[in-house]
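Taking it in order: structure first as structure tokens, then the write-up.
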Amino acid sequence: EVVRGFTRFVAQPAPPPPGASAEPARRSPPLAFWAGPALSLHPGVSPDLGAQAGVLVGPNRAFAAAAFETTFGDLHLQAEHGTAEVRRQAAWLQLGVRFRPSNAWEVATRAGAGYAAFSISGAGEPGYHGAQTSHGSLALMLGVSSVYGARRSFGLYASVGGRLATDAPT
């Protein structure tokens with residue numbers, strides 16, 4: 001005779017190990033944009049405030065990025081024979097690697113090359129002639145950045161790095 005009405009037991013999933021998060025790990029987005037203020041520090045002169053905007057493309061770890069930055073005002077330089085006002089704009093291509101130490105934080109390191117354009121307006125002390133000129137230079141950069149992802153599509157971004165114009169105006 002046929003047996004009917006027996007019970008089938010389904011194994012319950014094992015609980016996550018202590019310290020493991022129940023939510024799935026967030027992956028870095030394959031496309032990201034950033035925009036915000038940029039503070040540049042220069043030895044011997046006051047800092048200048050500017051803006052930076054960029055786009056980042058890449059899978060979970062490695063990425064390529066393009067960025068543009070400009071100063072809001074002029075950097076004021078003063079010497080024995082006169083003064084100069086310098087404005088800088090730069091465009092960058094960068095390669096980098098990023099990782100997530102937690103679901104909310106992302107850390108990235110990047111290196112890149114670009115073009116920096118300087119607009120210089122000089123005023124000479126009596127007996128000296130001031131001039132206006134512009135100058136372009138190949139530029140190199142290294143940086144480390146971090147993003148705190150407050151929401152899936154919005155985060156707080158901070159970056160620290162160095163930039164070197166290979167032929168900066170003197």
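Note: hydrogens, waters and symmetry copies are ignored here, and every other heavy atom, side chains too, is used. None of the values given here were measured: they were computed from a predicted structure.
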Listed partners of [X] passing side chain to side chain contact (heavy atoms under 4.5 Å, CB included), at least two apart:
| X | value |
| --- | --- |
| P47 | L39, L41 |
| Y115 | A117 |
| P59 | none |
| L93 | A66 |

Query raised in the report: Got a sec, which hydrophobics cluster with F33, joining ILVMFWY side chains under 4.5 Å apart, including via others?
Result: L31, V55, V57
Result block: side-chain N/O donor-acceptor pairs under 3.5 angstrom for residues 139-150, not counting sequence neighbours:
| residue | atom | partner | partner atom | Å |
| --- | --- | --- | --- | --- |
| S145 | OG | R110 | NH2 | 3.1 |
| S146 | OG | E106 | O | 3.3 |

What side-chain donor-acceptor pairs closer than 3.5 Å can you find for residues 74-83, not counting sequence neighbours?
| residue | atom | partner | partner atom | Å |
| --- | --- | --- | --- | --- |
| D74 | OD1 | R87 | NE | 3.0 |
| D74 | OD1 | R87 | NH2 | 3.2 |
| H76 | ND1 | E85 | OE2 | 2.4 |
| H81 | ND1 | Y128 | OH | 2.9 |

Query raised in the report: Can you list the residues that meet the side chain to side chain donor-acceptor pair (under 3.5 Å) rule with Q132, with sequence neighbours excluded?
Result: S121
Query raised in the report: Can you name the residues that form a side chain to side chain donor-acceptor pair (under 3.5 Å) with R88, not counting sequence neighbours?
Result: S40, E69
Query raised in the report: Nearest 0.5 Å, what's the CG-OG1 distance between L49 and T70?
Result: 10.5 Å
Report task. Measure the spacing between CH2 of W105 and CZ of R100 and express it to the nearest 0.5 Å. Result -> 11.5 Å
Please report the shortest heavy-atom distance between [X] and [Y], naming the atom on each side.
| X | Y | answer |
| --- | --- | --- |
| F63 | V97 | CE2-N, 3.4 Å |
| F118 | S137 | CE1-CB, 4.3 Å |
| F72 | G50 | CE1-O, 3.4 Å |

Query raised in the report: Just by distance, do the side chain of H135 and the backbone of I120 share a donor-acceptor pair under 3.5 Å?
Result: no
Query raised in the report: Listed by chain and number, what are the ring-ring contact (aromatic ring centres under 6.0 Å, His included) partners of Y157, not counting sequence neighbours?
Result: W34
